[in-house]
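Structure, as structure tokens:
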Amino acid sequence: MDYFEYHDGKLRCEETAADELAARYGTPLYVYSQQTFTDHFQRMRAAFAELNPLFCFSIKSCQNVHICRVLHSLGSGFDVVSGGELYRALRAGADPAKIVFAGVGKTDRELREAFEARIGLFNIESESELEVFVEMARARQAPVDAALRVNPDVDPRTHKYTTTGKKETKFGVDLEQAAGIFRRHADCRPVRLRGIHLHIGSPVHELEPYRTSIERGVELLEQLRRDGFEVDTIDVGGGYGAHYRGGDAPTAADYAGVIVPLLRGRGLRVILEPGRSIAANAGIILTRVLHVKQSGRKRFVIVDAAMTELLRPALYGAYHFVWPVVAGECVPPTRVPEQPFDGLVECDVVGPVCESSDFLAQARPLPTLRRGDLLAVFGAGAYAMTMASQYNSRLRAAEVLVHGAATRLIRRRETYADLLAPEELESGCPVPFRPPPAADERGGGRT
Ligand SMILES: *Cc1c(COP(=O)(O)O)cnc(C)c1O
């Protein structure tokens with residue numbers, strides 16, 4: 001599942017002690033395991049080998065350029081959803097031919113940048129976008145490949161905020177409209193409308209939604225072929241689950257078991273866009289306990305990480321396993337809330353941000369905690385740092401990539417100067433920072 005394990009009662013990332021990382025780099029801290037990224041990517045590739053698909057790692061799940069570089073070196077391409085993500089992919093050394101670009105509202109500038117980079121595939125999400133796209137492609141007179149994102153009207157039974165392939169979500173075009181769009185725009189040289197794109201939501205812990213949506217997609221492609229269109233590409237998107245509770249998601253082989261038979265022997269180029277399934281288990285957040293307090297019947301463990309480092313609990317009510325880094329006798333056998341130890345106390349683990357939704361875990365049985373103790377928040381490799389904010393003028397945390405016993409700081413902790421840098425004006429505001437006067441200058445230390 002991953003390389004975050006307890007040895008002699010202490011958490012390690014690969015061969016590196018987590019408490020030493022916290023001491024060296026400070027907290028809150030994102031810690032990633034390179035071997036976990038590699039294993040998950042290779043397992044996915046092995047499971048789908050028969051289709052020889054193009055893997056395009058979804059950058060929005062985990063965007064650090066050094067991590068993208070690791071995935072690039074394994075042969076991955078990238079799924080991007082903005083100009084900023086395209087920039088990251090290119091700076092990671094990505095092969096532009098292995099970049100696919102989705103998004104309901106690509107701006108003209110973003111489209112232009114992607115044209116200039118000569119990316120492999122544009123996933124078009126509306127007829128209006130296709131019209132703009134064709135016009136821009138004609139002005140450039142360069143051939144360019146596109147796929148139409150189709151909404152297969154499948155309920156992936158995940159959180160409604162991460163459902164994308166059901167009717168009346170903003171993504172893609174309705175299945176019934178797709179053939180008409182091909183008919184109206186098939187002759188739109190230099191654009192080659194080569195196929196369809198499906199991405200139904202995330203995380204999708206059931207296999208049936210994939211079966212249904214791909215069946216519908218394949219049926220549409222076969223119909224388009226009968227109508228004389230030259231379509232050869234199906235991008236089945238991402239959404240594959242991660243092990244937030246330990247072994248709770250289907251494996252790569254389970255997903256492949258459903259998807260491969262539906263696509264084999266059809267002469268289709270297959271693209272997959274995994275994000276979470278590769279990254280979520282590859283990262284944790286290390287955070288230090290600031291205070292413990294009792295309020296009525298509730299016990300709050302206040303830590304130095306917050307919704308600014310991990311928004312998923314506040315945004316989706318998402319579950320992340322939280323446990324002390326130095327666990328002694330209480331090494332957790334699983335990552336479910338219930339743990340088989342005596343003397344655990346039910347706690348809410350909360351951050352310092354001024355919102356009641358600022359929690360990392362609620363009603364969790366935990367060993368007794370004290371100020372200064374270190375906690376690990378598991379499953380924080382995906383949609384954690386990428387959703388981080390500076391709310392409350394908090395500094396975005398550092399990221400460290402571990403490879404065996406070697407560690408590398410891959411993003412430094414932000415500074416106060418970083419907070420104001422975009423607000424610097426030539427007119428001299430903000431005023432230069434001056435330390436407060438020493439006590440004797442203020443007259444006897446009174447304020
Ligand atoms: C977010 C996204 C993905 C990745 O989803 P995961 O759940 O992280 O696998 C893939 N494709 C598209 C178009 C996306 O928007």
Any donor-acceptor N/O pair, D254 side chain to T251 backbone, under 3.5 Å: yes
Any donor-acceptor N/O pair, E85 side chain to V81 backbone, under 3.5 Å: yes
Spacing of R88 atom CZ and L86 atom CG [to the nearest 0.5 Å]: 12.0 Å
Ring pair (Phe, Tyr, Trp, His ring centres under 6.0 Å): pairs with one or both residues in residues 150-172, sequence neighbours excluded: H159-Y161, H159-Y316
Over all atoms of both residues, closest heavy-atom pair of G241 and P203: CA-CB, 4.0 Å
Approximate separation, where rounding is to 0.5 Å, of R411 CZ and Y25 OH: 16.0 Å
Whether T27 side chain and L29 backbone form a donor-acceptor pair below 3.5 Å: no
Salt bridge (charged side-chain N to carboxylate O under 4.0 Å, His left out) evaluation trace for D348 with R299: CA-CA 6 Å; D348 281 17; R299 176 171 299 213; over 6 Å; no
Donor-acceptor contact below 3.5 Å, side chain D153 vs main chain K166: no
Row check, Y319 ring normal vs R245 NZ/CZ: under 6.0 Å, within 45°: yes
Shortest non-hydrogen contact from S33 toward E14: OG-OE2, 2.7 Å
N151 side, atom CG; S213 side, atom OG - distance, nearest 0.5 Å: 10.0 Å
Non-neighbouring partners of R24 that pass salt bridge (Lys or Arg N to Asp or Glu O under 4.0 Å), sequence neighbours left out: none
Ring geometry between F378 and F321 (parallel below 30°, tilted from 30 to 60°, perpendicular above 60°): tilted
CZ (R138) with more than 12 external heavy atoms under 6.0 Å: yes
Short side-chain to backbone donor-acceptor contact, N392 and C354, under 3.5 Å: yes
S393 and Y416 side chains, donor-acceptor separation under 3.5 Å: no
Lys/Arg N to Asp/Glu carboxylate O, D232 vs R194, below 4.0 Å: yes
Distance-only polar pair, side chains of Q390 and E414, donor-acceptor under 3.5 Å: yes
S389: side chain to side chain contact (heavy atoms under 4.5 Å, CB included) partners, not counting sequence neighbours: T308, Y391
E423 atom CD: more than 12 heavy-atom contacts under 6.0 Å: yes
Check: residues 113-127 side-chain donor-acceptor pairs under 3.5 Å, at least two apart:
residue : atom : partner : partner atom : Å
E113    : OE2  : R109    : NE           : 2.6
E113    : OE2  : R109    : NH2          : 3.3
N123    : ND2  : D235    : OD2          : 3.2
E125    : OE1  : G172    : N            : 3.1
E125    : OE2  : G103    : N            : 2.9
E125    : OE2  : R149    : NH1          : 2.9
S126    : OG   : E129    : N            : 3.1
E127    : OE1  : R184    : NH2          : 3.1
E127    : OE2  : R184    : NE           : 2.7
E127    : OE2  : R184    : NH2          : 3.4
E127    : OE2  : H185    : NE2          : 2.9

Test log, rule side-chain contact (heavy atoms from CB on, under 4.5 Å), inputs I410 and I67: CA-CA 8 Å; I410 54 171; I67 290 171; 3.8 Å; yes
Axial cation check for F78 ring with K98, 6.0 Å and 45° limits: no
No-hydrogen, no-angle side-chain donor-acceptor test under 3.5 Å, T36 and N281: no
Criterion side-chain contact (heavy atoms from CB on, under 4.5 Å) on Q34 and V402, from CA distance to verdict: CA-CA 6 Å; Q34 182 162 330; V402 172; over 6 Å; no
Nearest non-hydrogen partners of F55 and S76, listed with the distance: O-OG, 3.5 Å
Pairwise side-chain hydrogen bond (donor to acceptor under 3.5 Å, both in side chains) hits with a residue in residues 263-276, at least two apart: E50-R264, H197-E273, S202-R276, E222-R266, T233-R269, Y244-R276
Residues E208, R157: salt bridge by 4.0 Å N-O rule: no
Within residues 59-68 or reaching into it, pairs that qualify as side-chain hydrogen bond (donor to acceptor under 3.5 Å, both in side chains) - sequence neighbours excluded: N64-E399
From CG (L360) to CZ (R312), nearest 0.5 Å: 12.0 Å
side-chain contact (heavy atoms from CB on, under 4.5 Å) between F41 and F57, intermediate numbers included: CA-CA 9 Å; F41 183 80; F57 176 69; 5.8 Å; no
Distance-minimising heavy-atom pair for A305 and T287: N-OG1, 2.9 Å
E176 CD: over 12 foreign heavy atoms closer than 6.0 Å: yes
Result of checking L175, T212, V204 against V154 for side-chain contact (heavy atoms from CB on, under 4.5 Å): T212
Heavy-atom closest pair, residues A94 and H72: CA-ND1, 3.9 Å
Heavy-atom pair with the smallest gap, counting every atom of V191 and A137: CG2-CB, 3.6 Å
Stepwise side-chain contact (heavy atoms from CB on, under 4.5 Å) check, V100 with V80: CA-CA 6 Å; V100 300; V80 305; over 6 Å; no
S58 side chain vs D79 backbone, donor-acceptor pair below 3.5 Å: no
Electrostatic pair D145-R192, nearest N-O below 4.0 angstrom: yes
Check: Q339 side chain, V336 main-chain N or O, donor-acceptor pair, under 3.5 Å: yes
Distance (rounded to the nearest 0.5 Å) between I214 CD1 and L221 CG: 11.0 Å
Residue pair D418, R412: steps toward the salt bridge (charged side-chain N to carboxylate O under 4.0 Å, His left out) verdict: CA-CA 11 Å; D418 290 328; R412 65 165 172 81; 2.6 Å; yes
